[in-house]
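Read through the structure below, which is laid out as C-alpha cells, and then see the notes.
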Amino acid sequence: MIVAIDGPAATGKSTSAKLVAQKLGFTYMDTGAMYRCITLSVLRNHISLADEEALQLLIQEMDIHFERTDDNLVVRLNKEDVSTLIRKPEVTSHVSAVSALPQVRNHMVAIQRKIAKNQDCVIEGRDIGTIVFPKADVKFFLVADDIIRARRRQLDLKAIGEERTIDELVEEICRRDRFDSERSHSPLKKADDAVEVDTSQLTIDEQVDFMVNRVMNH
Ligand code: DC
C-alpha cells in the first residue's frame, strides 16, 4: 500500500509521516531529504546547475540511505550521516533550484519507485500523489497558516543551532513554496483525489490519528 503525503514547506509532513508510518508498520520515505542530499553534494562540489555532465556524474555516484532509529531518521549520503547538514539554511536556500532540474527529478523518482516497489510505504514530498504515485492508495495534502509554519520551522532550526526570526522564515517559506509550485516539471500541487488536512490548529496526535484512521478505513 502507498500513502502519499504532499504539501508546502513546514506543514507538518515529516513529523506526521514518520508517526503514521510507525503506527502502521510501513516504511517511511522522506523525498525532500533526497533532494536535500543532492543539493548538499552540488554545493560541496561547486557544481554549476548548467553543467549537465558534472551533474550526471554526481547523481550516479550518490548513494542515499535511510536508517530508522527509535525516534528519528538518519540520512546517509555515501555512508556519511548528513541528517543535520541537509537542514542547514544554505542547503534550504538552494534546494528548490536543484530539485527543479528534470535530470535530478527523473533520477530521484526512479529511486523512489524502486524503494516502494515491494513494500508498504508512507512517502512525503511535493509530487508524490500527482507524479510519483498517481495511483497511491491514500493521498493527503497538508496545509497550514504561514505564521504557524514559520514558528514550527523556527523551533526545528533552533534544535540544530540556527536562530532565525519569524519574518525571515515566513519570507523564506513562502518564496520556496512559490518556486516549488511554479516550476514546470512536476510542481507542488494537490492531487484531485487527495484529502486536504489543515494542520494549523491540530496537535500532532490529532493529525496522526486522523490520517491513520483514514488509511485503516480505506
Ligand atoms: O520537504 P522539504 O522541505 O525537506 O523539501 C525540500 C525541497 O525539496 C522542497 O523545497 C522542494 C523539493 N522537493 C521536491 O521538489 N519534490 C519532492 N517530492 C520533495 C521535495
Side-chain angles (χ1 to χ4, degrees), residues 2-18 20-21 28-43 49 55 59 62 64 66 72-75 77 82-116 121-134 136 139-144 146 149-150 152-157 159-160 162 164 169-191 194 199:
I2 301 287
V3 178
I5 305 182
D6 291 302
T11 46
K13 296 188 301 294
S14 297
T15 313
S16 44
K18 235 180 268 174
V20 169
Y28 161 58
M29 203 193 309
D30 176 357
T31 62
M34 294 176 161
Y35 290 101
R36 286 174 179 273
C37 280
I38 181 150
T39 305
L40 178 66
S41 269
V42 162
L43 292 172
L49 297 189
L55 261 175
I59 289 172
M62 260 187 16
I64 302 170
F66 294 116
N72 231 325
L73 184 81
V74 175
V75 183
L77 172 61
V82 293
S83 319
T84 302
L85 274 179
I86 59 169
R87 308 282 163 202
K88 293 279 182 183
E90 210 203 343
V91 172
T92 303
S93 63
H94 289 88
V95 67
S96 284
V98 174
S99 62
L101 298 171
Q103 194 184 3
V104 169
R105 301 205 73 79
N106 293 340
H107 183 80
M108 291 299 173
V109 169
I111 295 179
Q112 291 155 16
R113 289 187 178 141
K114 194 167 159 200
I115 295 176
C121 282
V122 175
I123 310 171
E124 63 146 303
R126 301 291 189 287
D127 59 342
I128 308 304
T130 49
I131 304 288
V132 189
F133 293 103
K139 300 179 186 178
F140 296 103
F141 192 83
L142 269 49
V143 294
D146 291 350
R149 296 196 289 149
R152 290 176 181 162
R153 191 41 53 92
Q154 192 181 41
L155 286 176
D156 290 345
L157 286 171
I160 59 167
E162 302 285 341
R164 306 288 295 281
L169 289 171
V170 168
E171 212 271 320
E172 182 229 290
I173 286 171
C174 293
R175 184 167 16 94
R176 192 147 62 93
D177 288 345
R178 238 181 355 259
F179 199 105
D180 294 343
S181 309
E182 289 172 0
R183 68 180 177 222
S184 53
H185 195 306
S186 30
L188 162 67
K189 188 169 162 279
K190 178 180 172 292
T199 67

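For ligands, and for the atoms within them, numbers begin at 1 and follow the listed sequence.
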**Study point:** For Asp180, the ligand 1 atoms whose distance to one of its heavy atoms is below 4.0 Å
**Key:** 9 (C), 10 (O), 11 (C)
**Study point:** Salt bridge flag under 4.0 Å for residues Arg183 and Asp127
**Key:** no
Review point. Looking at side-chain heavy atoms only, is the closest gap between Met29 and Ile115 below 4.5 Å?
Key: yes
Check your understanding: Where is the nearest protein heavy atom to atom 20 (C) of ligand 1: which residue, which atom, and how far?
Key -> Gly32 CA, 3.5 Å
**Study point:** Ile86 vs Val75 side-chain heavy atoms within contact, under 4.5 Å
**Key:** yes
Point to revise | Top protein contact for atom 16 (N) of ligand 1, by heavy-atom distance | key: Arg105 NH2, 2.9 Å
Review point. Under 3.5 Å between some N or O of ligand 1 and some N or O of Thr31?
Key: yes
**Study point:** Within 6.0 angstrom of Glu90 CD, more than 12 heavy atoms from elsewhere
**Key:** no
Exercise for review: Just need the protein heavy atom nearest to atom 6 (C) of ligand 1, so name the residue and atom and give the distance.
Suggested key: Arg176 NH1, 3.5 Å
**Study point:** Atoms of ligand 1 close to Arg87 [distance to a heavy atom under 4.0 angstrom, numbered from 1]
**Key:** 4 (O)
Study note, to complete from the structure: So the atoms of ligand 1 within less than 4.0 Å of a heavy atom of Ser96 turn out to be 10 (O)
Exercise for review: Show which atoms of ligand 1 fall inside a sub-4.0 Å distance from at least one heavy-atom site of Tyr35.
Suggested key: 8 (O), 13 (N), 14 (C), 16 (N), 17 (C), 18 (N), 19 (C), 20 (C)
**Study point:** Side-chain H-bond candidate by donor/acceptor type, Glu124 with Ser14, under 3.5 Å
**Key:** yes
Check your understanding: Considering only protein heavy atoms, which is closest to atom 12 (C) of ligand 1, and at what distance to one decimal place?
Key -> Ser99 OG, 3.4 Å
Check your understanding: Taking C-beta and beyond as the side chain, do Val3 and Phe140 meet within less than 4.5 Å on heavy atoms?
Key -> yes
Exercise for review: Examine the side chains of Arg153 and Thr92 and answer whether a donor and an acceptor come within less than 3.5 Å of each other.
Suggested key: no
Revision key, fill the gap. Taking only non-hydrogen atoms of Arg183 and a 4.0 Å limit, the atoms of ligand 1 in range are 14 (C), 15 (O), 16 (N)
Check your understanding: Can you list the steps and then say if Arg126 with Lys13 is a side-chain contact (heavy atoms from CB on, under 4.5 Å)?
Key -> CA-CA 10 Å; Arg126 301 291 189 287; Lys13 296 188 301 294; 3.5 Å; yes
Check your understanding: For atom 1 (O) of ligand 1, what's the nearest protein heavy atom and its distance?
Key -> Arg126 NH1, 2.9 Å
Point to revise | Pairwise side-chain contact, Lys190 with Asp6, heavy-atom cut-off 4.5 Å (strictly under) | key: no
Review point. Hey, does Arg36 come in under 3.5 Å of ligand 1, counting only N/O atoms on both sides?
Key: yes
Study note, to complete from the structure: protein heavy-atom neighbour closest to atom 18 (N) of ligand 1 works out as Asp127 OD1, 2.8 Å
